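Below is one structure, written out as structure tokens; comments come after it.
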Amino acid sequence: MPKPLHIGLIGSKFMGRTHSNAYLNVAKFFDLPRHPVMHTLAARNLEETQAFAQRWGWQHATDNWKEMVQNPDIDLVDIGTPNHVHRDQALAALDAGKHVACEKPLANTLDAAREMVQAAKKAKQSKTFVWFNYRRCPALALAHQLVKEGRLGRIYHVRGFYLQDWAGPDTPMLWRFQGAKAGSGSLGDLCAHSIDAARFVTGDEFSVVHGSVLKTFIKERTVLDGSAGGEISGRGARAKKSKKARSTVDDAVVFTAEMKSGALATFEATRLSTGDKNGNKLEIHGEHGAVKFDFERMTELEWYDNTLPEKLQGWSTINVSNGGAGHPYAEAWWPTAHAIGYEHGFINQAADMVKAIAGKKPLVPLPDFADAYITQRVLEAVTQSAKNRSSVKLSEIK
Ligand code: SOE
């Protein structure tokens, strides 16, 4: 049995579940250089945390994350909490000499994200990771590989859409609608994935952001008794009549951008695209070929080969599940066309994090704090572009 890797997770809501599931399953499907051990779960309410820990197989449970990060037995601290506490938790874990994984976006503000990157640079023994989990959807990882192999050639267009519809007027107040906690709404929660995916697949970086519009359609939301800071569970709940609070984030965002290569990019993210449930879509069009990814059909990649004889050209649907064909991560899972799901991107990421901690190369690039900070700078450029109705160069955002 490889040397154990003791994990301490902070958070037991939606991402607490996806991360717990990843650690519970990763060693069953991947041969790893270290054996992940679900050591301690830390979350706010001790009784609920003990119940969650027992259900998911955490050895210990605590309501004191500060104590957990100081535990000398812990090797990796994983932050699955709301954006406004990422900085304090990451700085404490880095100061304690731990490896640190953190949910996206890096933080609720650019300043907090910068402090995290600076602390990570100083913590020479610590590796850092950010859960941009969609990089490890096999179809998106294949798109990255096709671009890297030169199969698309010069990139002309990038289109990133992240379309959800859960935040209608009946959805009560959650931390995700509070600017002080979330930093932003659809921009940091959804568009951060699209910005990261555009950088990941093209290998390019943003040069200028143009013409952003941040829109808040629903200005006030009902506060459910005792759950104003609640999580996604509020999505399903229909608010009982009680007091209202102001939503201080965007429900939707649109912007265009130019990439350093000259490619033209357009982005849209919204929580009010009626009928779209988790429409995380990326389209890349190049001189020699094009790809289209839609998370709602996550095992498929649409591919257009512009180098074929014209009579043979057309969109083809690649079922990215063939391990024998070298499809990313497919070898670890099931036979071709036996589909995997949302949770598998997190399990694939857990495998790559364990490999990286052991000094091995992840299958596709794994964002650390410094990489995720580039995405955070784009979020800031979009915010400034919307506020000033201007174009914002990334070189102006430090
Ligand atoms: C938003 O509702 C959300 O939960 C994001 O926060 C996640 O990152 C995304 O994977 C699913 O949608």
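The figures that follow rest on heavy atoms only: side chains count, while hydrogens, waters and symmetry mates do not. Computed from a predicted structure; not experimentally measured. All ligand and atom numbering here is 1-based and tracks the order in the structure.
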Evaluation steps, side chain to side chain donor-acceptor pair (under 3.5 Å), between Q145 and E149:
CA-CA 6 Å; Q145 293 173 337; E149 290 163 13; over 6 Å; no

For ligand 1, indicate whether the residue W131 contacts it via side chain, backbone, both or neither (heavy-atom separation under 4.0 Å).
neither

For R271 and ligand 1, answer yes if some heavy atom of the residue is under 4.0 Å from a ligand atom, otherwise no.
no

Taking only non-hydrogen atoms of F14 and a 4.0 Å limit, the atoms of ligand 1 in range are 4 (O)

Min N/O separation Q164 to ligand 1 under 3.5 Å
yes

Quick one: which ligand 1 atoms are inside 4.0 Å of a heavy atom on Y342?
9 (C), 10 (O), 11 (C)

Any heavy atom of F132 closer to ligand 1 than 4.0 angstrom?
no

Enumerated ligand 1 atoms positioned under 4.0 Å from heavy atoms of Y134:
9 (C), 10 (O), 11 (C)

Looking only at non-hydrogen atoms, find the nearest pair between V158 and F267 and report the distance.
CG1-CZ, 4.3 Å

Specify whether H60 and H39 have parallel, tilted or perpendicular ring planes, treating 30° as the upper limit for parallel and 60° as the lower limit for perpendicular.
tilted

Are any of the heavy atoms in H193 under 4.0 Å away from ligand 1?
yes

Could you tell me whether the side chains of N108 and H84 share a donor-acceptor contact shorter than 3.5 Å?
no

So, H210 versus S391: side-chain donor-acceptor pair below 3.5 Å or not?
yes

Could you tell me whether N388 atom CG has more than 12 heavy atoms of other residues or ligands within 6.0 Å of it?
yes

